[in-house]
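Keep in mind that what you see is a predicted model, and the values were worked out from it rather than measured. Heavy-atom basis, side chains included; hydrogens, waters and symmetry copies ignored.
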Amino acid sequence: MEIKATLIRDELYKEIEERSDQKILNCYQCGKCSAGCPAVAFMSLPPHQVLRLLQIGSNEEVLRANSFWFCSSCFTCASRCPRSIDISKVMEALRFLLYRKGITPLSQDMLDEELEKDTPQQALVSLWKKST
């Protein structure tokens, strides 16, 4: 008797792939995206881990992360990826889905003065632009 392995993807995975037009399973976790990301220091999960968690169906962990809010959409990840995955499109799809559900966890007083001082201006502008 031959058993065929079938990947059954959940609703979030399918919606992210469809909205971003990226093949999440193509990521083999080389980490080049995370190594080059200018905002990775502010993310709770580096970009390659966001993709891995989506691959294995750990949706709650992905949606609790702040990574997609701090993504500045600079496309460094896309330029470094040997599999041509544009993770900034995946991050944008995640932001969109949360907006659609009415979830916008960012507010002007979210950053304390020290963190705001140490955060690159590009990351702050991108963060606030994405939250409005």
Side-chain angles (χ1 to χ4, degrees):
M1 181 166 110
E2 184 180 327
I3 300 174
K4 290 186 177 183
T6 311
L7 289 176
I8 300 172
R9 294 289 160 212
D10 63 25
E11 195 175 309
L12 177 68
Y13 178 91
K14 288 177 185 174
E15 194 163 356
I16 295 299
E17 271 206 337
E18 184 178 308
R19 180 157 298 282
S20 68
D21 196 30
Q22 301 300 301
K23 298 295 181 197
I24 295 169
L25 279 179
N26 285 349
C27 176
Y28 59 77
Q29 299 296 297
C30 70
K32 288 183 178 185
C33 55
S34 298
C37 179
V40 75
F42 306 101
M43 296 178 173
S44 56
L45 295 170
H48 74 282
Q49 285 184 3
V50 170
L51 288 186
R52 183 62 184 145
L53 291 172
L54 287 170
Q55 288 173 339
I56 64 173
S58 293
N59 298 340
E60 292 300 318
E61 195 170 347
V62 170
L63 295 176
R64 277 195 312 265
N66 68 5
S67 304
F68 42 89
W69 297 114
F70 281 98
C71 171
S72 62
S73 299
C74 67
F75 305 107
T76 301
C77 53
S79 68
R80 297 181 65 131
C81 182
R83 301 295 303 228
S84 300
I85 301 169
D86 188 344
I87 298 177
S88 60
K89 288 183 178 181
V90 173
M91 299 292 200
E92 183 66 33
L94 284 162
R95 282 191 298 270
F96 176 82
L97 291 176
L98 288 176
Y99 275 136
R100 199 172 70 192
K101 293 177 187 240
I103 300 169
T104 55
L106 304 175
S107 67
Q108 214 58 38
D109 59 347
M110 182 181 148
L111 296 175
D112 62 28
E113 285 184 36
E114 186 176 328
L115 182 59
E116 190 169 351
K117 183 181 80 171
D118 295 338
T119 304
Q121 184 178 7
Q122 179 185 9
L124 286 174
V125 170
S126 178
L127 175 68
W128 299 128
K129 182 179 177 186
K130 288 173 171 81
S131 69
T132 57

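- We find the CE-CZ distance between Met43 and Phe68 to be 10.5 Å, quoted to the nearest 0.5 Å.
- Summarising the geometry, atom CG belonging to Leu51 is positioned 10.5 Å from atom CD1 belonging to Ile16; distances are rounded to the nearest 0.5 Å.
- Minimum heavy-atom separation, Ala39 to Phe70: CB-O, 3.4 Å.
- Every side-chain hydrogen bond (donor to acceptor under 3.5 Å, both in side chains) that Ser34 has, sequence neighbours left out, goes to His48.
- For Glu61, there are no salt bridge (charged side-chain N to carboxylate O under 4.0 Å, His left out) partners two or more places apart in sequence or in a different chain.
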Assess whether salt bridge (charged side-chain N to carboxylate O under 4.0 Å, His left out) is satisfied between Glu92 and Arg95, documenting all intermediate values. CA-CA 5 Å; Glu92 183 66 33; Arg95 282 191 298 270; 2.3 Å; yes
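- Between the side chain of Gln22 and the main chain of Ile87, no donor-acceptor pair closer than 3.5 Å is present.
- Residues meeting the side-chain hydrogen bond (donor to acceptor under 3.5 Å, both in side chains) test with Gln49, sequence neighbours left out: none.
- Between Pro47 and Val40 there is a side-chain heavy-atom pair separated by less than 4.5 Å.
- You'll find the side chain of Leu97 stays beyond 4.5 Å of the side chain of Leu63, heavy atoms only.
- Under the rule for a side chain to side chain contact (heavy atoms under 4.5 Å, CB included), the partners of Arg83 that lie at least two apart in sequence or sit in another chain are Asn26, Tyr28, Cys81, Ile85.
- Applying the salt bridge (Lys or Arg N to Asp or Glu O under 4.0 Å) test to pairs two or more places apart or on separate chains, those with a residue in residues 15-31 are Glu15-Arg100.
- In this structure Ser44 satisfies the side-chain hydrogen bond (donor to acceptor under 3.5 Å, both in side chains) test together with Asn66, sequence neighbours excluded.
- A 4.5 Å side-chain heavy-atom check between Val62 and Tyr13 finds every atom pair outside the cut-off.
- Interatomic distance, CG of Leu53 versus CG of Asn59, reported as 9.0 Å (0.5 Å rounding).
- Considering every non-hydrogen atom in both Cys33 and Cys77, the closest pair reads CB-CB, 3.6 Å.
- Contact of the Ser67 side chain with the Met91 side chain is registered, since non-hydrogen atoms from C-beta on lie closer than 4.5 Å.
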